Amino acid sequence: MASHRKPRQHPLASLTGGSRSARTARTAATLALAGAATATTFDGTGQAAPPPTPAQVKGRVDALYQEAEVATQNYNGAKEAADSAREELSRLQDEAARRTSKLNAARAELGTMAASQYRSGGVDPTVRLMLSADPQRYLDGAAVLERTGSHQAAAVAGYARRLGSVRQVRQQAAETARRMTAGEATAKKHRVTVVRKLDAAEQLLSRLTAEQRQRVAGRDPSRDGGAAGRAGRGDGLLGGVPTGSAAAAQAPDSRAARAVAFAYAALGKPYVWGATGPSAYDCSGLTQAAWRSGGVALPRTTYTQINAGPRIGRDQLAPGDLVFFYSGISHVGLYVGDGKMIHAPHPGAPVRIAPIDQMPFAGATRPA
């Protein structure tokens, strides 16, 4: 009878799961619940978040490009200031060297004068003071010169002027060096911002297919150069837009005409932030180079180019005018007529023709 009894279950069996099949079922249920909980933790709905649509990616990428453009213009301005300070510092250093040479010559003249006086019976106190370790002391007592002979007074006064001028130039050089260092630090900060924004845009674009990336970039052979670039050097129309010679003929003067012709010749060249040509451009680098070809020196940034001539209303635009966009004046293009401009848009989009109503219009200038 005992052999037919059902084996007694261990007291802990109900806690450990009982039979293997029961334990397996409970394990599967636990994993399923855990998976559901994990999904809920990430998106709060129990489902994985859908990937962004191409339109959403384009919106965010466009915003990043615009933010990068702002940082690019700030970088351009800081770099221009640093470069200008570097050139000025070099000039001041050369000037300080020339003035120091003249100072040494004046000092040598005073030394000769002192030696002559010594041989004749002594050295004048004024000359001794000038040859001391601290010649600046004598500058506080102008009356000292009245006690010297006319020739000696002239020599001492000349030394004083040269000493003062050397110190003035050296002070200017020191201040310029500080400005240069500050400009370089500011440029570096904005450079980091530009790179970070563009990296973020590239990461978003990497989620798209090649075809989607083309659409997001707004690629259009009629606007990206190629045929446009070739036709832009001749006459006629391209997609309803005057080509290089035709647009240049409508320019208000020869300088604007040359700027327009230059812009057409640049069609298809890549956008590179901070670039001023000849192989690549950013937006203000292109307009600066175009007008330089017309004999007009524009400043480097959009913020300063907008003040490079009289303001022009939209209804007064003529080929060659500069057109600016966004409330912060962070983008610029060169107007070519028929509501179109040539501009360097952003990374991945070469110099192209585009409608001026493609971006928020902020103003226009006719360089003078």
Side-chain angles (χ1 to χ4, degrees), residues 31-75 190-229 238-241 267-275 280-284 286 302 323-333 339-362:
L31 292 173
L33 289 172
T38 301
T40 302
T41 300
F42 281 112
D43 65 10
T45 64
Q47 297 179 355
T53 65
Q56 290 171 328
V57 170
K58 184 181 187 307
R60 182 56 186 145
V61 166
D62 287 347
L64 286 167
Y65 281 151
Q66 204 271 318
E67 292 165 6
E69 190 81 84
V70 171
T72 295
Q73 295 306 313
N74 290 332
Y75 167 85
H190 291 306
R191 183 184 189 282
V192 169
T193 301
V194 173
V195 172
R196 188 172 68 248
K197 298 293 184 182
L198 295 182
D199 283 349
E202 185 59 33
Q203 289 176 11
L204 284 171
L205 291 171
S206 68
R207 302 181 185 181
L208 304 178
T209 65
E211 182 180 352
Q212 289 173 331
R213 289 188 66 154
Q214 292 281 338
R215 288 202 300 269
V216 166
R219 291 291 177 84
D220 182 345
S222 70
R223 297 190 304 173
D224 279 1
L238 179 67
V241 181
L267 285 171
K269 291 189 176 181
Y271 174 101
V272 174
W273 70 271
Y281 300 93
D282 63 17
C283 69
S284 57
L286 174 64
T302 55
V323 283
F324 299 87
F325 303 91
Y326 300 105
S327 59
I329 317 297
S330 59
H331 192 75
V332 63
K340 304 292 195 300
M341 65 176 171
I342 293 177
H343 72 141
H346 54 71
V351 175
R352 60 172 55 161
I353 299 170
I356 63 171
D357 58 5
Q358 189 178 69
M359 293 172 285
F361 185 83

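Values reported hereafter were calculated over all heavy atoms of this structure, with side chains retained and with hydrogens, waters and symmetry mates removed. All values reported here derive from a predicted model rather than from experimental measurement. For reference, positions follow the sequence shown, starting with 1.
The minimum heavy-atom distance between A280 and A275, with the atom names listed, is O-CB, 3.4 Å. The two residues L198 and P347 have their closest heavy-atom pair at CD2-CG, 3.7 Å. Closest approach of Q203 and S206 over heavy atoms only: O-OG, 2.5 Å. Considering all non-hydrogen atoms of both residues, A201 and L64 come closest at N-CD1, 3.5 Å. The two atoms that bring V351 and A344 nearest to each other are CG2-CB, 4.1 Å, heavy atoms only. The two atoms that bring P345 and H331 nearest to each other are O-CE1, 3.7 Å, heavy atoms only.
Looking at residues two or more places apart in sequence or on another chain, you find no ring-ring contact (aromatic ring centres under 6.0 Å, His included) involving Y271. Not counting sequence neighbours, the partners of D62 by the side-chain hydrogen bond (donor to acceptor under 3.5 Å, both in side chains) test are K58. By the side-chain hydrogen bond (donor to acceptor under 3.5 Å, both in side chains) test, E202 is found to be paired with R213, residues two or more places apart in sequence or in another chain being considered. Legend: residues meeting ring-ring contact (aromatic ring centres under 6.0 Å, His included) with Y75, ordered by chain and number and at least two apart, are W273. T72 pairs by the side-chain hydrogen bond (donor to acceptor under 3.5 Å, both in side chains) definition with nothing, not counting sequence neighbours. Residues forming a side chain to side chain contact (heavy atoms under 4.5 Å, CB included) with R196 (at least two apart in sequence, or on another chain): V192, T193.
Side-chain contact between K340 and P355: present, with at least one pair of heavy atoms (C-beta onward) separated by less than 4.5 Å.
The aromatic rings of Y65 and H346 lie parallel to each other, their planes meeting at an angle below 30°, with 60° marking the opposite boundary.
Note that the OG1 atom of T53 and the CG atom of L208 stand 9.0 Å from one another [nearest 0.5 Å]. One finds the CE atom of M359 at 5.0 Å from the NE2 atom of H343 (value rounded to the nearest 0.5 Å). Between atom CD1 of residue I353 and atom CG of residue L267 there is a gap of 5.0 Å, rounded to the nearest 0.5 Å.
Without hydrogens or angle criteria, T302 side chain to S284 main chain gives no donor-acceptor distance under 3.5 Å.
The side chain to side chain donor-acceptor pair (under 3.5 Å) with S330 is formed by just one residue from the set E67, Q73, E69, Q66; it is Q66.
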